Chemist: 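Okay, here's the structure, questions in a sec.
Every value quoted in this text rests on a predicted model; they were computed, and no experiment measured them. Heavy atoms only: backbone and side chains are in, while hydrogens, waters and symmetry mates are out.
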Amino acid sequence: MSNTTVPVKKEQSNNPSAKLQTNNANLKEQTSSTTSKEPNGTTSKNQKAVNSHNTAAMHYDAAAKSHRDAAKHHEAGDKDRATQSNIEAHGNSSLANQAQKKAVKQTSKNNLLKN
């Protein structure tokens with residue numbers, strides 16, 4: 001058996017500040033073309049609103065499920081599990097409301113810019 005060394009690739013930079021700047025630059029590059037067309041024909045501004053609507057719907061669905069679970073636990077007499085499910089439902093509802101507000105702002109901005 002022979003001992004051979006394999007060269008190890010160094011990371012580009014170990015400096016966290018440099019990595020953050022690189023990530024920020026990449027993010028700006030990705031979002032700089034706000035009017036470019038997406039593959040489905042929507043603009044990226046519209047896509048952001050679509051994503052916010054979908055996020056809100058996902059959280060509302062999760063909240064509804066948690067409320068149904070809470071009702072089942074109440075019927076079964078398991079108040080601890082019902083309380084836990086109710087707390088989960090409240091959290092999901094809050095997240096859904098935040099996403100909905102974001103969607104309304106994005107939609108309003110897009111419509112104001114068109115007029």
Side-chain angles (χ1 to χ4, degrees):
M1 239 169 56
S2 64
N3 290 338
T4 58
T5 59
V6 177
V8 178
K9 291 183 181 180
K10 287 186 177 181
E11 282 192 37
Q12 292 177 353
S13 174
N14 289 331
N15 183 354
S17 178
K19 288 181 182 179
L20 181 60
Q21 289 173 348
T22 302
N23 289 342
N24 286 343
N26 290 340
L27 182 60
K28 285 179 184 176
E29 184 180 316
Q30 291 172 359
T31 58
S32 65
S33 59
T34 57
T35 58
S36 65
K37 292 284 186 179
E38 296 290 326
N40 62 359
T42 62
T43 63
S44 57
K45 285 183 181 180
N46 285 343
Q47 188 61 44
K48 288 180 183 180
V50 169
N51 291 344
S52 294
H53 286 300
N54 286 332
T55 300
M58 176 188 66
H59 288 301
Y60 281 128
D61 289 341
K65 180 190 178 301
S66 294
H67 277 300
R68 286 189 293 275
D69 289 346
K72 288 177 187 176
H73 294 311
H74 270 293
E75 286 176 345
D78 192 346
K79 292 182 180 180
D80 289 339
R81 287 179 120 184
T83 300
Q84 182 62 35
S85 293
N86 193 34
I87 291 169
E88 288 174 12
H90 177 72
N92 282 314
S93 295
S94 295
L95 291 171
N97 288 337
Q98 289 174 1
Q100 183 181 22
K101 286 178 185 178
K102 188 175 178 180
V104 167
K105 287 179 183 179
Q106 290 165 335
T107 304
S108 298
K109 286 179 187 177
N110 290 344
N111 288 337
L112 290 174
L113 293 175
K114 287 179 183 178
N115 294 332

Chemist: When V50 is tested against each of K48, Q47, H53 for side chain to side chain contact (heavy atoms under 4.5 Å, CB included), which residue passes?
Modeler: Q47
Chemist: Taking atom types as modelled, find out whether Q84 and D80 have a side-chain donor-acceptor pair closer than 3.5 angstrom.
Modeler: no
Chemist: Name all residues meeting the side chain to side chain contact (heavy atoms under 4.5 Å, CB included) criterion together with H59; count only those two or more places apart in sequence or in a different chain, and write none if there are none.
Modeler: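 Residues passing side chain to side chain contact (heavy atoms under 4.5 Å, CB included) with H59: T55, N92, L95, A96.
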Chemist: For K72, what residues pass the salt bridge (charged side-chain N to carboxylate O under 4.0 Å, His left out) criterion, not counting sequence neighbours?
Modeler: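 With neighbours one apart ignored, the set is empty.
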Chemist: Return the set of residues passing side chain to side chain contact (heavy atoms under 4.5 Å, CB included) with A82 (not counting sequence neighbours), or none when no residue passes.
Modeler: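 Here the qualifying residues are H73, H74.
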Chemist: Any idea which heavy atoms bring Q106 and A49 closest together, and the distance?
Modeler: OE1-CA, 3.2 Å
Chemist: To the nearest 0.5 Å, what is the distance between OG1 on T83 and CD on E88?
Modeler: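 Between atom OG1 of T83 and atom CD of E88 there are 11.5 Å.
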Chemist: Among all residues two or more places apart in sequence or in another chain, which pass the side chain to side chain contact (heavy atoms under 4.5 Å, CB included) test with K65?
Modeler: R68, D69
Chemist: Looking only at heavy atoms, which two atoms of S93 and A63 are closest? And how far apart?
Modeler: OG-CB, 3.5 Å
Chemist: Suppose we screen for side chain to side chain donor-acceptor pair (under 3.5 Å). Which residues come up paired with S66, at least two apart in sequence or across chains?
Modeler: none
Chemist: Tell me, please, which residues at least two apart from N97 pass side chain to side chain contact (heavy atoms under 4.5 Å, CB included).
Modeler: Y60, Q100
